[in-house]
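Inspection log for the structure reproduced underneath, given as C-alpha cells.
Chain letters run A, B, ... following the sequence lines, proteins first and then strands; every chain starts at 1.
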Amino acid sequence: MARTRKGEASTGKANDTGVNAFVGKDELLKFYRDMLLIRRFEERAGQLYGMGLIGGFCHLYIGQEAIAVGMQSIKVKGDQIITGYRDHGHMLAAGMDPKEVMAELTGRATGSSHGKGGSMHMFDIETGFYGGHGIVGAQVSLGTGLALNNHYRGNGNVSFAYFGDGAANQGQVYESFNMAQLWKLPVVYVIENNQYAMGTSVERSASETAFHKRGVSFRIPGEQVDGMDVAAVAEAGARAAEHARSGQGPYILEMKTYRYRGHSMSDPAKYRTKEEVDEVKSTRDPIEHLREKLDAAGVTEEQLKVVDADVKRIVAEAAEFARTSPEPDPSELYTDVYLEAAQ
Amino acid sequence: MSVDILMPALSPTMEEGTLAKWLVKEGDDVKAGDVIAEIETDKATMEVEAVDEGKIEALLIPAGSENVKVNTPIARLSGDATGVTPAPAAAPAAETPVVEAKAPAAAATTSAVSSFADPEIPAGTPMKKITVRDALRDAMAEEMRRDDKVFLMGEEVAQYQGAYKVSRDLLQEFGDKRVIDTPITEHGFAGLGVGAAMAGLKPIVEFMTWNFAMQAIDQIINSAAKTLYMSGGQIKSSIVFRGPNGAASRVGAQHSQDYAAWYGNVPGLKVIAPYDAADAKGLMKAAIRDPNPIVFLEHEMMYGVEFDIPDVEDWVVPIGKAKVRRVVAEGHTGPSVTIATYSRMVGFALKAADELAAEGIEAEVVDLRTIRPMDHATILDSVKKTNRLVTVEEGWGPMGVGAEIVARITEFGFDYLDAPPARVHQEDVPLPYAANLEALSLPSVDKIVKAAKAVCYR
C-alpha cells in the first residue's frame with residue numbers, strides 16, 4: 001500500500017522514501033513525540049474509562065495522530081482550530097496541558113472546563129482551540145464563523161475546521177461551504193475520513209466517497225492526502241493554509257485515515273473485520289511509518305527511547321493528576337451560565 | 001356602468017399605504033394587466049395592475065396621499081367592464097380579525113393608561129412618535145456606531161433593506177462588511193454568527209421570521225447557549241438572534257408560531273419580547289451590549305405601530321424587568337385582577353382592561369418584556385393586590401409561558417390567590433388559515449375579558 005499516495009488534485013512533492021523535502025529531521029522528531037503523546041494519552045484514557053474514572057462518551061483518536069500533529073505544525077499564532085467530539089488529539093497537538101485534558105475527562109475541578117464539559121467539550125482560547133463540539137457537523141458552521149471573524153478583522157489568521165466523513169453528509173456543512181467561498185473566508189476544511197461514521201462505512205453512507213470533491217459545486221479546491229503520513233499532512237496543510245491566508249477563500253483537505261478503536265469506548269466495532277484493522281496497523285501505522293523515516297534520517301534508537309520515556313512520564317503524571325484532583329465544588333453548578341452585563 | 005378600483009392589500013399585514021404615483025391619467029384607456037399606480041406599503045413599493053378594461057373616469061385619491069386605508073376607492077373605471085373590480089387580495093383582508101390591533105387603537109390605549117407616572121421615564125422627558133420598526137432600526141444603528149464589532153447578518157437585510165424593512169438604510173450607513181446578506185441557509189449562517197461571536201465579534205443575526213429559525217435551533221441552543229458553561233466560562237457568545245415571532249395575519253401554521261416558551265426553557269439564553277417602541281429600542285440596545293446570547297422576539301403586527309418614545313440620546317431598558325402598564329385605580333373597592341402577558345398581547349390586555357373597567361372590574365396589566373429571566377416578583381407584587389391572575393400568550397398553552405407564570409405564582413404566592421389562575425393562549429391546534437378559524441384560535445380581547453371575569457367569579 002502506497003503510504004504517501006496523493007490525491008488527484010494534489011501537486012505535492014512528497015515521495016515515498018526517506019525524509020520529506022518539506023520537513024527536516026528536528027521537526028520529524030517533534031512530530032514523533034507529539035504523535036506518541038497522543039497515542040499513549042489515549043491508551044491511558046481508555047484504561048481509565050475501563051476503570052470507571054471516565055464516564056459518558058469517550059472517542060479515542062488512536063490511528064489518526066498524524067493529522068492533528070501535521071496540521072498543527074503549519075498553524076501560526078492566532079489561527080483557530082475547531083473540531084467534533086474526537087478531540088483529545090487536537091487539544092494535545094494544540095499544546096493544551098495533558099493534565100488539564102485528562103482531568104476534564106475524569107470530571108475534576110482542575111479540568112480545562114472545570115469538569116463541566118467532559119470529553120467532547122473542551123476549549124482553550126490561548127492555543128486557539130475552540131472545541132470540542134458534540135453535535136455532528138456543528139463545528140463546520142462555527143469554524144466558518146471563526147473565519148468570518150478573521151475576515152472581518154483582517155487579522156491574517158486562518159480557521160481550521162475538522163470534521164469526519166460522517167459529518168461531511170450534514171446539510172449545514174454545505175451551507176457553510178457556500179458562504180465561505182462566496183465571501184472568500186480564510187478557512188481550511190479538514191475532513192478526517194476514517195472510513196466509518198460510527199458503524200456505517202463511507203460506502204454505505206456517501207454517494208460520493210471522494211470527500212475532497214465535495215466542494216466542487218462551490219468552486220472550493222480540494223485534495224486527498226494520506227492522513228497516515230504526517231509529513232504529507234503538513235505539506236498539504238501548508239498549501240491549504242496559504243490559499244486561505246492569501247485571500248483566495250476556503251480549501252478542503254480530505255485526510256485518508258483510520259481509527260483503530262471503536263467509535264467510542266462502548267462500540268465493539270463489529271462492522272469491520274479484525275483482519276482489516278490489523279492490516280492497517282501493520283502496514284499504515286502513522287507512528288511506525290514515522291519511525292522508519294527517522295531511522296532513514298539518522299535518528300538513533302537511543303534518541304527515540306528518550307522521547308518514549310518522556311512521553312510515558314507525562315501521561316503517567318496526567319493520569320495521576322486526573323485521578324487525584326478533587327471533583328468540582330457544588331457551588332460550580334450555577335456558575336458560567338450567564339456573564340454579568342457591564343453596567 | 002362604472003366600477004371603483006379599490007386600494008389593494010399588498011401584504012398579509014397591510015392595513016393602509018401611500019399612493020405614491022399614478023401611472024395613468026383621467027381619460028386614459030386601460031386594459032387588464034396595465035400598471036396603473038405605485039403603492040408604498042410598510043415593506044415595499046408595489047405596482048398595481050388594472051383588473052378590467054375601460055377608461056379611467058376619475059382618480060379619486062391624488063398621488064402622494066399617505067395612510068390610504070385598504071379597500072378605499074382610489075379610481076373609477078368606466079366602460080365595458082363586466083363584473084366587479086375590487087382587487088382580489090383586498091377582500092379577505094377586510095375580514096381579517098386583526099382589527100383589534102389597528103395602529104391607532106393600540107397607541108390610543110397606551111396613552112390612556114400613561115396617565116400614571118412611568119418610573120422609567122422622568123417627568124419632563126421630551127417624547128417623540130416612532131414606529132416599533134424604526135425603534136428597532138435606530139437601536140441597531142446606534143449600537144453599530146458605538147461598537148465596530150457589532151454587525152448585522154441575515155436574509156435580505158442589506159440590499160433589500162430588510163424583508164420587513166427593519167434594517168432600512170443600515171447598508172447605506174455601514175456598508176456591506178457590516179450589513180451582510182446571507183443565502184437562505186438559517187442553520188449555516190446561525191452557526192457562522194455563533195462562531196464569529198465565540199471569536200469576540202458581536203453579531204446580530206436576523207431571522208426573516210422565528211419560524212425559520214427552527215432550522216437553526218441547534219446552533220442557538222447547543223452552541224450559543226451551552227458553550228459558556230461547557231467551557232468553564234472560557235467561551236462567550238455575545239450574539240443577538242432577532243426577528244418577528246408569533247402570528248402575523250393569515251399566513252398559516254408554519255409561519256405563525258410563538259417561540260417564547262421554547263427558548264424560555266433554555267438556561268444560557270436570555271429571551272426578550274417587547275411590546276412598544278420604547279421597549280423595543282431600549283431592550284434591543286441592552287441586548288446588543290449584553291455578553292450573553294439573546295433571543296429577541298419581535299412581532300410583525302407591531303412593526304408599523306407608532307408609540308411615544310423618550311427622545312433622549314441613549315435610551316436603554318434593563319433586561320429582566322417587567323413593567324406594570326396599567327394599575328388598579330386608587331380607592332377601587334370592587335374585584336381586581338392581574339393580567340400578565342408580553343409582546344402584542346399587551347395591547348389586547350390593555351383593551352380588555354378598559355372593557356373590564358366599564359363593568360366594575362379593575363385590571364392591572366403586567367408586561368413581562370423579558371421572558372427569561374422572568375421577573376415573577378413584579379407579577380407577584382400585583383397579585384398581592386388583586387388576588388387574581390390571568391396569563392395571556394399567543395403561543396400554545398401546554399408547557400407554555402402562562403404555565404410557568406402560574407407555577408411560580410402558585411409556588412411563591414399561593415396564599416394570596418382567591419381563585420385558580422386562568423390561562424389565555426392559542427387553541428391547541430396548528431394555526432388555521434381561514435379567517436374565521438384563525439380568529440377563533442388566537443387569543444382575543446373577548447377571551448381575556450371572559451377569563452378575567454371567570455377568576456372574579458363573575
What part of Asn150(A) gets within 4.5 angstrom of chain B, counting heavy atoms only: side chain, backbone, both, or neither? neither

In short, Leu146(A) meets Ala199(B) closest at the heavy-atom pair CD2-CB, 3.8 Å

Taking every non-hydrogen atom, the tightest pair across Asn178(A) and Pro183(B): ND2-CG, 3.5 Å

Of the non-hydrogen atoms in Tyr338(A) and Asn292(B), which two are nearest, and what is the gap between them? CA-OD1, 3.3 Å

Sorted by number, residues from residues 200-213 of chain B in contact with chain A (heavy atoms, under 4.5 Å): Gly200(B), Leu201(B)

Please tell me if the side chains of Trp183(A) and Thr182(B) come closer than 4.5 Å, counting only heavy atoms from C-beta onward. yes

Relative to chain A, which segment of Lys270(B) carries a heavy atom at a distance below 4.5 Å: side chain, backbone, both, or neither? both

Largest heavy-atom contact set with chain A, pairs under 4.5 Å, which of Ala225(B), Pro267(B), Gly188(B): Gly188(B)

Would you compute the distance between atom OH of Tyr229(B) and atom CG of Leu333(A) and round it to the nearest 0.5 angstrom? 4.5 Å

When the 4.5 angstrom heavy-atom criterion is applied to Ser223(B) and chain A, the contacting part is side chain

If I compare all heavy atoms of Ser141(A) with all of His187(B), which pair ends up nearest, and what's the gap? OG-O, 4.3 Å

In terms of heavy-atom pairs under 4.5 Å with chain B, the winner among Ile135(A), Val140(A), Ile125(A), Val173(A) is Ile135(A)

For chain A, find its close neighbours in residues 367-374 of chain B: heavy-atom separation under 4.5 Å, sorted by number, or none. Arg372(B)

Exercise: identify the closest heavy-atom pair between Ser176(A) and Leu192(B): OG-CD1, 4.0 Å

Any idea which heavy atoms bring Tyr152(A) and Asp148(B) closest together, and the distance? OH-O, 2.7 Å

